[in-house]
There are 2 protein chains.
Amino acid sequence: MMKKKTERQLEIRKIILDGKVHSQEELLMQLKKKGFELTQATLSRDLKLLQVAKVPHPAKGYIYVIPGAEKREEASQKNRVNFLADGFKDIQFSGNLAVVKTLPGYANSIAAVIDRAAPWEIIGTVAGDDTILLIQREGITKSDLINALINVMPNLRDKL
Amino acid sequence: MMKKKTERQLEIRKIILDGKVHSQEELLMQLKKKGFELTQATLSRDLKLLQVAKVPHPAKGYIYVIPGAEKREEASQKNRVNFLADGFKDIQFSGNLAVVKTLPGYANSIAAVIDRAAPWEIIGTVAGDDTILLIQREGITKSDLINALINVMPNLRDKL
DNA sequence: ATTTCAATTGCAAAATTATGCATTTTTATT
DNA sequence: AATAAAAATGCATAATTTTGCAATTGAAAT
């Protein structure tokens, strides 16, 4: 009745979504605890089918994730983010620094969003009331940085 | 002058973004061809730092990707997608089928979006002019499917 | 029920990736 | 410039993941 496989993959999915899996062996244990019988080889194949990715996590070493499954939370945040982009006024460059001017009071929120997204191109930010200082990574060009910003706040696209 | 590392990682980034890397050895070759000298060990560490993920690809086996870097194209498509969600009218379930009713003419576009996203919960779709038939995977619940749809078109959230 | 074909899985080995440790290279300090 | 401290890297190996192949299991057809 070919149901074992489906059920198993469904369970794998759930476990992965909790974001606490560091290796296939570990996942295998959890599955066995829940009564599934299989080997790591089969698991590897399941993960391939489910397109489960192994991604480095700054703190936890490596974790397994399901790419498509962006959490609801993150999705709805995008609206807020795009709203904030309205506060953006202008950007100027000097060496490895970029200075962003915003409407009064917007600087901190926007900087927070950037920090949160932590684009690789930007090492860090400092924000006042209507100004944000972005320190960019060595070897990054202006357009790299602009792209990074657009990536964080799609709406900026039109204002740059 | 500690510049080699930065440059190298920058190059790694570029290569990965082209989406044609299947293994570290392969990437290593490309880097060497471009004049970088390093071992697989260092590369592994670089990838960890850059948070490069190894993800199964239906056709190509496995490819390395940079999670955060969603392509501009994809990002801007989201607007179109959310616009389409306006055409959504209603959804009904029967067994492992779901029937979506849309405004006249919307069915095909919406189905196309779903097909493209290819959520795991949905095996396939058939679309007429104002009706879409969704065939769901075995073992999936109604709410699983609804969540999958919301994942594809965030704006649906409010209409369900 | 028996046979046939395809799908699923385990086993064992190959392939790939991660890491401890020693060494080299950079950076900072005096 | 010399020395000390920190960062980066290679080597060798361990750990993990993937895969070819044979065996098993389930489904379909006669």
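Chain A is the first sequence line, chain B the second, and so forth, proteins listed ahead of strands; every chain is numbered from 1. Only heavy atoms go into these numbers, but all of them, side chains included; no hydrogens, no water, no symmetry mates.
- At the phosphate of C:dT9, OP1 or OP2 sits under 4.0 Å from a side-chain N or O atom of A:Arg8.
- Smallest separation of non-hydrogen atoms from B:Val21 and B:Glu26: CA-OE2, 3.8 Å.
- Judged by distance alone, with hydrogens and angles left aside, the side-chain atoms of A:Asp144 form a donor-acceptor pair with the main-chain N or O of A:Thr141 at under 3.5 Å.
- Between the CZ atom of A:Phe36 and the P atom of C:dT8 there is a distance of 16 Å, given to the nearest Å.
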Every protein N/O within reach of nucleotides 12-14 of chain C N/O, cut-off under 3.5 Å:
none

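- The nearest whole Å value for the distance from the NZ atom in A:Lys5 to the P atom in D:dT25 is 17 Å.
- To the nearest 0.5 Å, atom CZ of residue A:Phe36 and atom CD1 of residue A:Ile12 are 8.0 Å apart.
- OP1 or OP2 of C:dG10 has at least one side-chain nitrogen or oxygen of A:Thr42 nearer than 4.0 Å.
- As rounded to whole Å, 9 Å separates atom C1' of C:dT19 from atom OH of A:Tyr62.
- Rounding to whole angstrom units, CD of residue A:Glu37 and P of C:dT8 are separated by 18 Å.
- When distances run from any side-chain atom of A:Thr39 to the nucleotides C:dT17, D:dG10, C:dC11, the shortest one goes to C:dC11.
- Looking at B:Lys101 and B:Thr131, their side chains do bring a donor and an acceptor atom within 3.5 Å of each other.
- Interatomic distance, B:Thr102 OG1 to B:Asp130 CG, rounded to the nearest 0.5 Å: 5.5 Å.
- If you take CD of A:Glu26 and P of C:dA18, they are 16 Å apart, rounded to a whole angstrom.
- One distance of note links OG1 of B:Thr42 with CD of B:Glu37; it measures 11.5 Å at 0.5 Å rounding.
- Atom CG in A:Leu28 sits roughly 12 Å away from atom C1' in C:dG10 (whole-Å rounding).
- Under the 3.5 Å distance criterion, the side-chain polar atoms of A:Asn147 are matched with a main-chain donor or acceptor of A:Ser143.
- Rounding to whole angstrom units, CD1 of residue B:Ile63 and C1' of C:dT16 are separated by 17 Å.
- Put simply, CD on A:Glu7 is 14 Å from P on D:dG26, counting in whole angstrom units.
- Nearest heavy-atom pair across B:Pro56 and A:Lys48 is CB-O, 3.5 Å.
- With respect to the salt-bridge test (charged N to carboxylate O, under 4.0 angstrom), the residues A:Glu11 and A:Lys34 qualify.
- For B:Gln24, no side-chain nitrogen or oxygen approaches OP1 or OP2 of C:dA15 to under 4.0 Å.
- For residues 43-55 of chain A, proximity to DNA chain C is found at A:Arg45, A:Lys54, defined as any non-hydrogen atom under 4.0 angstrom from a strand atom.
- The two residues A:Leu31 and A:Ile15 make their nearest non-hydrogen contact at CD2-CD1, 4.0 Å.
- With hydrogens and angles left out, the side-chain atoms of B:Gln136 and B:Glu121 include no donor and acceptor closer than 3.5 Å.
- No side-chain heavy atom of B:Leu134 sits less than 4.5 Å from a side-chain heavy atom of B:Val126.
- Axis angle between the ends of the helix from C:dA1-D:dT30 to C:dT30-D:dA1, five pairs each and rounded to 10 degrees, works out to 40°.
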